[in-house]
**Q** 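Got a structure here, written out as structure tokens. Questions coming.
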Amino acid sequence: MYILTLDHIQSDANDLEIILNKKEQTGKLDIERAEALLQDYRGEFMATMAYPWIASKANLMNKLFTQLLNELAHYYEQVQDVNYLERSLLIALELNPYSDQAVQQLIQHYANIGNRAEAIKIYRSFKRTLLSELNVLPMQETTTLFQTIAEQE
């Protein structure tokens, strides 16, 4: 008889859940562990597997990863680390390419650091993607943010 024990097996999915559970319990994000997980990021969780049973788990893991990215973005905004903040926001947009919230955060970030041209570029690219792939426009909040930034000199 064989017995499989999982005590010494490491997985990014398990690490993600541990990081977020610890954050919920202590109120503090383990930045070092979150960064290690982010360094190993290779795209959407189980994206290459086409088994029907994977869809719900993949959706959950992507939601948790998005939550981690939001936590990291908040942390980097607080400590004013614009490079890591930008990276976190770009990965969040990559993971959720139709997310108005992700685009709004990235546009605001670029506006805050004085990169108005990049903020405009992000909005236009997002709008083009939504129109071509979903035949919808960005939310009014996103458009208003864009217009405010575009009108600044």
Side-chain angles (χ1 to χ4, degrees), residues 1-115 118-119 121-123 125-127 129-130 133-134 136-146 148-149:
M1 171 159 65
Y2 295 98
I3 298 174
L4 177 64
T5 59
L6 302 178
D7 297 337
H8 301 290
I9 293 180
Q10 179 187 7
S11 78
D12 54 353
N14 189 47
D15 289 347
L16 175 59
E17 290 175 340
I18 289 170
I19 292 167
L20 291 174
N21 287 337
K22 185 176 177 184
K23 164 67 166 83
E24 188 175 309
Q25 292 168 355
T26 65
K28 292 186 178 186
L29 183 64
D30 184 340
I31 298 299
E32 187 175 315
R33 198 163 182 186
E35 278 298 323
L37 184 67
L38 201 56
Q39 293 301 319
D40 293 334
Y41 175 71
R42 300 290 179 261
E44 192 173 335
F45 184 76
M46 295 192 224
T48 60
M49 299 182 171
Y51 303 110
W53 59 268
I54 288 179
S56 64
K57 183 65 173 180
N59 286 338
L60 172 64
M61 296 312 296
N62 288 329
K63 182 179 176 182
L64 292 175
F65 195 69
T66 298
Q67 181 183 345
L68 178 66
L69 289 168
N70 288 335
E71 294 285 354
L72 282 169
H74 178 71
Y75 171 78
Y76 290 126
E77 189 172 38
Q78 296 298 311
V79 299
Q80 299 178 349
D81 189 326
V82 295
N83 294 324
Y84 279 99
L85 173 58
E86 180 177 350
R87 187 210 51 200
S88 298
L89 295 173
L90 286 169
I91 293 171
L93 183 57
E94 176 187 335
L95 186 64
N96 303 291
Y98 308 123
S99 170
D100 276 271
Q101 179 186 3
V103 168
Q104 289 170 18
Q105 289 177 312
L106 193 54
I107 289 172
Q108 191 61 60
H109 165 70
Y110 285 130
N112 290 346
I113 63 170
N115 194 344
E118 194 64 26
K121 180 179 160 187
I122 289 293
Y123 174 82
S125 174
F126 178 64
K127 182 178 177 181
T129 298
L130 288 180
E133 295 180 18
L134 302 176
V136 298
L137 291 170
M139 290 174 42
Q140 185 58 46
E141 293 172 19
T142 307
T143 300
T144 300
L145 177 61
F146 161 73
T148 301
I149 291 167

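Positions are given from 1 along the sequence.
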**Q** Please examine the side chains of Phe65 and Asn96, heavy atoms only from C-beta on, and report whether any two atoms are closer than 4.5 Å.
**A** no

**Q** Please report the C-alpha distance between Leu38 and Leu69 in whole Å, then the side-chain angles of each, then the deciding distance to 0.1 Å, and finally whether the side-chain contact (heavy atoms from CB on, under 4.5 Å) criterion is met.
**A** CA-CA 9 Å; Leu38 201 56; Leu69 289 168; 3.6 Å; yes

**Q** Going from CG on Asn62 to CG on Leu95, what distance comes out if it is rounded to the nearest 0.5 angstrom?
**A** 5.0 Å

**Q** Where is the tightest heavy-atom contact between Phe126 and Pro97, given as atom of each residue plus distance?
**A** CE1-O, 3.4 Å

**Q** Can you tell me how far the OG atom of Ser125 sits from the CD atom of Glu118, to the nearest 0.5 Å?
**A** 9.5 Å

**Q** Working to the nearest 0.5 Å, report the span between CD1 of Ile122 and CG of Leu93.
**A** 6.0 Å

**Q** Pairs in or reaching into residues 97-115: which pass side-chain hydrogen bond (donor to acceptor under 3.5 Å, both in side chains), with residues at least two apart or in two chains?
**A** Glu86-Tyr110, Tyr98-Glu133, Asp100-Thr142, Gln104-Thr142, Gln108-Asn112

**Q** Run the side-chain contact (heavy atoms from CB on, under 4.5 Å) test on Leu130 and Leu137 for me, step by step, so that the C-alpha distance in whole Å, both residues' side-chain angles and the decisive distance to 0.1 Å come before the verdict.
**A** CA-CA 6 Å; Leu130 288 180; Leu137 291 170; over 6 Å; no

**Q** Could you tell me which non-hydrogen atom of Ala111 sits nearest to which non-hydrogen atom of Ala119, and how far apart they are?
**A** N-CB, 4.4 Å

**Q** Starting at OG1 of Thr66, measure out to CD of Glu71 and round the result to the nearest 0.5 Å.
**A** 12.0 Å

**Q** Distance from Arg87 atom CZ to Leu90 atom CG, nearest 0.5 Å?
**A** 10.0 Å

**Q** With sequence neighbours left out, what residues match Tyr123 under ring pair (Phe, Tyr, Trp, His ring centres under 6.0 Å)?
**A** Phe146

**Q** Looking only at non-hydrogen atoms, find the nearest pair between Leu89 and Ala73 and report the distance.
**A** CD2-CB, 3.9 Å

**Q** The criterion is side-chain contact (heavy atoms from CB on, under 4.5 Å); which residues satisfy it with Ile18, sequence neighbours excluded?
**A** Asn14, Arg33

**Q** Got a sec, which residues hit salt bridge (charged side-chain N to carboxylate O under 4.0 Å, His left out) with Glu141, two or more places apart in sequence or on another chain?
**A** none

**Q** Do Glu32 and Lys22 meet the salt-bridge criterion of a basic N to acidic O distance under 4.0 Å?
**A** no

**Q** To the nearest 0.5 Å, what is the distance between CG on Asn70 and CG on Leu29?
**A** 11.5 Å

**Q** Residues two or more places apart in sequence or in another chain: which of them pass side chain to side chain donor-acceptor pair (under 3.5 Å) with Gln140?
**A** Thr144

**Q** Check the pair Tyr84, Leu72 against side-chain contact (heavy atoms from CB on, under 4.5 Å), reporting the backbone distance first and the verdict last.
**A** CA-CA 8 Å; Tyr84 279 99; Leu72 282 169; over 6 Å; no

**Q** Run the numbers on Asp30 and Lys23 for side-chain contact (heavy atoms from CB on, under 4.5 Å), then give the verdict.
**A** CA-CA 7 Å; Asp30 184 340; Lys23 164 67 166 83; over 6 Å; no

**Q** If the condition is side chain to side chain donor-acceptor pair (under 3.5 Å), which residues does Thr148 pass it with, not counting sequence neighbours?
**A** none

**Q** Does atom CD of Gln80 have more than 12 heavy-atom neighbours from other groups under 6.0 Å away?
**A** no

